[in-house]
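What follows is one structure encoded as structure tokens, with my remarks underneath.
Residue numbering restarts at 1 for every chain, and letters A, B, ... go by the order of the sequence lines.
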There are 2 protein chains.
Amino acid sequence: MDSDDALAIFSALSHPTRLEAFRLLLRHEPEGLATGALVDASGLSQSTFSSHLAVMVKAGLVRSAKQGRQNIQRADVRALTDLMLYLANDCCQGHPELCQPLLAELASCC
Amino acid sequence: MDSDDALAIFSALSHPTRLEAFRLLLRHEPEGLATGALVDASGLSQSTFSSHLAVMVKAGLVRSAKQGRQNIQRADVRALTDLMLYLANDCCQGHPELCQPLLAELASCC
DNA sequence: TCCATTCATCGACTTTATTCGATGGGAAGG
DNA sequence: CCTTCCCATCGAATAAAGTCGATGAATGGA
């Protein structure tokens with residue numbers, strides 16, 4: 001994970017439609033959702049949502065797999081993990097104690 | 001932390017100048033950096049960087065404090081923590097096991 | 001008081017993102 | 001083979017972001 005990777009992920013998640021779609025996919029791990037279901041959930045036109053989906057796939061946040069005549073989309077949890085580690089690294093480099101609250105809350109969350 | 005808060009943070013971090021500035025501030029916690037030092041590091045004009053800084057402050061990622069005639073900027077680590085928890089919550093809701101790798105790596109990082 | 005420093009805001013311009021309808025490719029079913 | 005369904009891509013229009021120089025407010029020092 002370098003700056004460009006992180007930047008692509010931040011950009012991908014900086015739009016309401018894409019953030020909601022990604023969260024929806026997270027909640028549907030690991031089976032995923034068909035593109036059509038995501039389009040319906042977004043309320044946008046098929047072509048508009050398709051371009052949003054392309055942004056997320058390009059950023060590595062979502063993985064697409066053909067299944068018959070529909071495409072199944074899955075959230076890439078690993079990309080999310082890497083993003084958090086990328087930021088945590090800068091944070092912990094100088095002041096490890098700053099990450100303790102995060103660690104504690106994540107432990108109780110998961 | 002709701003969707004709008006998260007969206008503002010993702011947008012703030014989706015620009016190279018802002019991402020680098022925020023990482024620089026993280027590495028300078030807790031003393032912070034003057035706006036001028038951030039401008040110099042960015043290589044952009046003072047007015048352009050000022051607008052980038054305003055985006056980060058508005059998103060709650062950076063806190064500004066006057067000190068004499070310069071403004072000291074500090075990264076808000078809490079905002080970052082909240083952002084990660086916001087995403088982890090969707091992830092863990094259905095499948096707690098997906099967060100285990102993150103937790104493990106964070107523990108060894110910090 | 002007068003000047004230099006620091007930085008936010010304004011106005012104008014350029015670049016990029018978002019959105020949609022229309023078109024077309026590929027797969028399943030009749 | 002023909003039709004239907006699913007979805008990516010294209011082209012054009014509108015909206016939003018990014019960039020800069022210029023201006024001005026506020027502060028501290030001469």
Side-chain angles (χ1 to χ4, degrees), chain A residues 3-25 28 31-76, chain B residues 3-25 28 31-76:
Chain A
S3 284
D4 287 340
D5 296 331
L7 228 30
I9 293 180
F10 284 131
S11 294
L13 294 178
S14 71
H15 190 283
T17 296
R18 294 192 295 259
L19 179 57
E20 283 314 301
F22 182 68
R23 294 178 63 203
L24 191 56
L25 286 178
H28 282 81
E31 69 277 7
L33 279 176
T35 308
L38 291 169
V39 171
D40 292 345
S42 75
L44 294 175
S45 76
Q46 181 269 322
S47 70
T48 299
F49 186 83
S50 181
S51 65
H52 282 305
L53 185 58
V55 170
M56 292 192 287
V57 169
K58 192 155 188 279
L61 270 178
V62 170
R63 301 210 173 273
S64 200
K66 293 204 172 187
Q67 184 176 307
R69 60 181 148 181
Q70 49 187 6
N71 286 8
I72 303 299
Q73 313 295 335
R74 285 192 54 190
D76 189 328
Chain B
S3 283
D4 287 340
D5 297 330
L7 227 30
I9 293 181
F10 284 131
S11 294
L13 294 178
S14 71
H15 190 283
T17 296
R18 294 194 293 259
L19 179 57
E20 283 313 303
F22 183 68
R23 293 178 64 202
L24 191 56
L25 286 177
H28 282 82
E31 70 276 7
L33 279 176
T35 308
L38 291 169
V39 171
D40 292 344
S42 77
L44 294 176
S45 77
Q46 181 268 322
S47 70
T48 298
F49 186 84
S50 182
S51 66
H52 283 305
L53 185 58
V55 170
M56 291 192 288
V57 169
K58 192 155 188 284
L61 270 179
V62 170
R63 301 210 172 273
S64 200
K66 291 203 172 188
Q67 184 176 307
R69 61 182 146 181
Q70 46 186 9
N71 286 9
I72 303 299
Q73 312 296 335
R74 285 191 56 190
D76 189 329

Shortest side-chain distance from A:His52, nucleotide among D:dC20, C:dT18, D:dC7: C:dT18
Check: A:Gln46 side chain, D:dA8 base, donor-acceptor under 3.5 Å: yes
4.5 Å side-chain heavy-atom contact, A:Thr35 and A:Gln70: no
Candidates C:dA8, C:dT19, D:dC20 - which lies nearest the side chain of A:Thr48: C:dT19
Atom pair CG/NE2 of A:Leu7 and B:His15 - distance to nearest 0.5 Å: 8.5 Å
Short side-chain N/O contact to C:dA8 OP1/OP2 from B:Asn71, under 4.0 Å: yes
A:His15 side-chain N/O to C:dT16 phosphate OP1/OP2 under 4.0 Å: no
For atom CZ of A:Arg18 and atom P of C:dT19, their distance in whole Å: 8 Å
Nearest-nucleotide 5' precedence on DNA chain C, B:Gly36 against A:Ser51: B:Gly36
Nearest heavy atoms of A:Glu31 and A:Ile72, plus distance in Å: O-CG2, 3.7 Å
Student check: side-chain heavy atoms of B:Leu25 and B:Leu61 closer than 4.5 Å: no
Atom-to-atom span, CD1 of B:Ile72 to P of C:dT6 - whole angstrom: 11 Å
Rounded distance in Å - CG (A:Leu44) to P (C:dG21): 11 Å
Nearest heavy atoms of B:Asp76 and B:Gly60, plus distance in Å: CB-O, 3.4 Å
Minimum-distance nucleotide (side-chain atoms of B:Arg69 versus D:dA8, D:dT27, D:dC20): D:dT27
Touch class at under 4.0 angstrom, heavy-atom based, for A:Thr17 against every strand present: nothing
d(CG, A:Leu7; P, C:dA17) in whole Å: 11 Å
Atom-to-atom span, NZ of B:Lys66 to C1' of C:dT6 - whole angstrom: 10 Å
Residue mapping more 5' on DNA chain C - nearest nucleotide basis, A:Gln67 or A:Val55: A:Val55
Protein-nucleotide distance (A:Gln70, atom CD; D:dC5, atom P), rounded to Å: 13 Å
d(CG, B:Leu53; P, C:dA8) in whole Å: 6 Å
Gap between atoms CG and P, on B:Asp40 and C:dT5 respectively (whole Å): 14 Å
Proximal nucleotide (of C:dA28, D:dA8, D:dT27) relative to the A:Thr35 side chain: D:dA8
